[in-house]
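Heavy atoms only: backbone and side chains are in, while hydrogens, waters and symmetry mates are out.
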Amino acid sequence: MKISIITSCFNREATLAQTIESVLSQDYADIEYIIVDGASNDRSLEVINSYQGRIAKVISEPDSGMYEGINKGIRIATGDVIGLLHSDDFLFDNHIISSIADVFRETQADMVYGNGLFVDARQTDRVIRNWISGKYHRWKVRMGWLPLHPTVYVKRSVMERLGLYDESYKIASDSQLLVRYLYRARLHVEYLDKYILKMRMGGLSTDAARRIQMWKEDVRLYKELGFWGVPEKLMKMGWKVPQFIEAKLKRSFTNG
């Protein structure tokens with residue numbers, strides 16, 4: 001089973017090497033790694049080129065944003081399964097892709113997802129948010145629940161059938177795709193109760209200046225998919241509160 005991992009990046013020279021290394025160090029052999037660079041004007045492409053011969057495919061050209069870059073990567077991917085790894089993030093350990101592949105093989109799932117840690121951008125061993133996704137139930141999606149998007153791996157055949165990321169969304173296209181897949185499509189979904197990756201806080205959706213835009217896009221996607229809108233957005237926010245509390249309690253216990 002080939003697994004395609006796609007990294008979309010723009011001006012991420014400071015973190016990109018760690019992202020790449022976390023993929024190249026996996027003990028799973030059949031990985032197709034694709035990087036889509038949006039014509040960075042820093043040293044990002046230099047970092048990418050330093051791994052020449054170890055990255056399956058590289059695209060570097062202007063795009064309209066992250067989701068266009070991701071869609072480009074998906075369209076050229078040849079793997080049986082597709083996953084994303086953003087350029088501020090890195091895989092949790094060297095065995096996690098093997099674990100994901102095992103679940104697909106053993107269950108014949110359409111989608112597999114897991115847990116993730118949001119960490120301090122500079123001190124990546126400092127956990128800010130502990131995202132334990134929990135088991136999937138369709139009713140939970142109706143109540144605002146979604147798995148952590150970068151932990152989600154999906155069969156390429158499913159993505160080709162159900163459609164890719166809606167590029168009219170600049171922040172919430174990942175949520176829109178997940179609601180479509182998890183609520184409308186009734187896929188065979190499996191939860192892997194392991195940490196998939198670490199995510200640096202401060203990405204596109206965690207930038208305070210963009211929270212208003214994210215609110216509007218989330219409400220819009222729920223309404224366009226036949227939900228009420230604001231209630232689902234509020235419930236979506238509510239699912240996240242325990243993640244911060246648990247991480248804070250763990251830090252207090254460790255420091256105490």
Side-chain angles (χ1 to χ4, degrees), residues 5-26 33-51 54-55 58 60 65-67 69-70 73 83-97 113-133 146-152 170-172 174-175 194-215 237 239-256:
I5 299 177
I6 299 165
T7 294
S8 173
C9 70
F10 180 72
N11 289 349
R12 284 293 182 267
E13 62 173 305
T15 59
L16 187 54
Q18 186 178 24
T19 303
I20 294 171
E21 290 283 355
S22 76
V23 176
L24 299 182
S25 65
Q26 290 297 304
Y33 191 29
I34 299 170
I35 298 182
V36 183
D37 173 65
S40 294
N41 52 36
D42 66 354
R43 294 180 57 256
S44 292
L45 196 56
E46 199 175 313
V47 172
I48 295 167
N49 288 336
S50 70
Y51 295 92
R54 302 179 68 192
I55 299 170
V58 176
S60 183
M66 177 176 66
Y67 297 114
I70 291 171
L84 308 180
L85 184 65
H86 299 319
S87 53
D88 284 335
D89 308 339
F90 52 98
L91 295 170
F92 185 77
D93 59 36
N94 297 342
H95 318 296
I96 194 59
I97 299 302
Y113 69 94
N115 307 322
L117 293 171
F118 284 79
V119 298
D120 184 270
R122 294 180 178 84
Q123 301 176 38
T124 56
D125 59 344
R126 182 174 181 266
V127 177
I128 307 298
R129 228 171 119 186
N130 183 19
W131 191 313
I132 304 297
S133 292
L146 289 174
L148 180 59
H149 173 246
T151 74
V152 173
K170 300 307 176 186
I171 294 179
D174 50 359
S175 294
K194 291 185 177 181
Y195 289 111
I196 307 297
L197 79 169
K198 290 185 176 183
M199 304 177 64
R200 287 179 173 84
M201 290 291 284
L204 188 63
S205 63
T206 57
D207 184 340
R210 296 179 178 266
R211 290 188 183 278
I212 294 176
Q213 182 181 358
M214 189 173 184
W215 172 278
M237 294 169 65
W239 284 100
K240 300 176 182 180
V241 173
Q243 301 164 7
F244 289 98
I245 295 173
E246 183 181 355
K248 186 174 182 179
L249 289 173
K250 284 187 175 181
R251 287 199 306 272
S252 299
F253 179 78
T254 302
N255 296 333

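Side-chain atoms of L117 and M199, non-hydrogen and from C-beta on, never get closer than 4.5 Å to each other. Counting only heavy atoms from C-beta outward, the side chains of L16 and D88 never approach each other to under 4.5 Å. Side-chain contact check for L197 versus L85: some heavy-atom pair is nearer than 4.5 Å. Side-chain contact between D89 and K198 is absent, with no heavy atoms from C-beta onward closer than 4.5 Å. Contact annotation: the side chain of T124 approaches that of R200 to within less than 4.5 Å [non-hydrogen atoms, C-beta and beyond]. Residues L84 and P150 have side chains not in contact (no heavy-atom distance under 4.5 Å, counting atoms from C-beta outward). At least one side-chain heavy atom of I35 sits under 4.5 Å from a side-chain heavy atom of C9. With a 4.5 Å cut-off on side-chain heavy atoms, F118 and V127 do not count as touching.
Residues I97 and L91 approach most closely at CG1-CD1, 4.1 Å, considering heavy atoms. In plain terms, the two heavy atoms of T151 and L148 that are nearest each other are OG1-O, 2.7 Å. The minimum heavy-atom distance between V152 and P147, with the atom names listed, is CG2-CG, 4.0 Å.
Remark: S175 engages L146, D218, L221, K236 in a side-chain contact (heavy atoms from CB on, under 4.5 Å) (not counting sequence neighbours). Partners of D120 according to the salt bridge (Lys or Arg N to Asp or Glu O under 4.0 Å) rule, which considers only residues two or more places apart in sequence or in another chain, are R126. Listed by chain and residue number, N94 satisfy the side chain to side chain donor-acceptor pair (under 3.5 Å) test with S25 (two or more places apart in sequence, or in another chain). Every residue meeting the side chain to side chain donor-acceptor pair (under 3.5 Å) condition with D174, not counting sequence neighbours, appears here in chain and number order: Y67. For H86, there are no ring pair (Phe, Tyr, Trp, His ring centres under 6.0 Å) partners two or more places apart in sequence or in a different chain. In terms of the side-chain contact (heavy atoms from CB on, under 4.5 Å) criterion, residue partners of S60 (sequence neighbours excluded) are, by chain and number, D37, L45. Judged as a side-chain contact (heavy atoms from CB on, under 4.5 Å), and not counting sequence neighbours, the contacts of S8 are M66, I70. Scanning for side-chain contact (heavy atoms from CB on, under 4.5 Å) contacts around D42 gives N11, E13, S40, S44, with sequence neighbours left out. Judged as a ring pair (Phe, Tyr, Trp, His ring centres under 6.0 Å), and not counting sequence neighbours, F90 has no contacts. Every residue meeting the salt bridge (Lys or Arg N to Asp or Glu O under 4.0 Å) condition with E46, not counting sequence neighbours, appears here in chain and number order: R43. Under the side chain to side chain donor-acceptor pair (under 3.5 Å) criterion, T7 pairs with Y33, not counting sequence neighbours. K194 is linked by a side chain to side chain donor-acceptor pair (under 3.5 Å) to S99, counting only residues two or more places apart in sequence or in another chain.
Taking CE of M214 as the start and CD1 of I171 as the end, the distance is 7.0 Å to the nearest 0.5 Å. Atom-to-atom distance recorded for M201:CE and I128:CD1 is 6.5 Å, nearest 0.5 angstrom.
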inquiry  = side chain to side chain contact (heavy atoms under 4.5 Å, CB included) for Y51 and E21? Distances and angles first, verdict last.
reply    = CA-CA 9 Å; Y51 295 92; E21 290 283 355; 2.8 Å; yes

inquiry  = Set out, in order, the CA-CA distance, both residues' side-chain angles and the distance that settles side chain to side chain contact (heavy atoms under 4.5 Å, CB included) for R210 and W215, then state yes or no.
reply    = CA-CA 9 Å; R210 296 179 178 266; W215 172 278; over 6 Å; no

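Between Y195 and F92, the ring-plane angle classifies as tilted under the 30° and 60° cut-offs.
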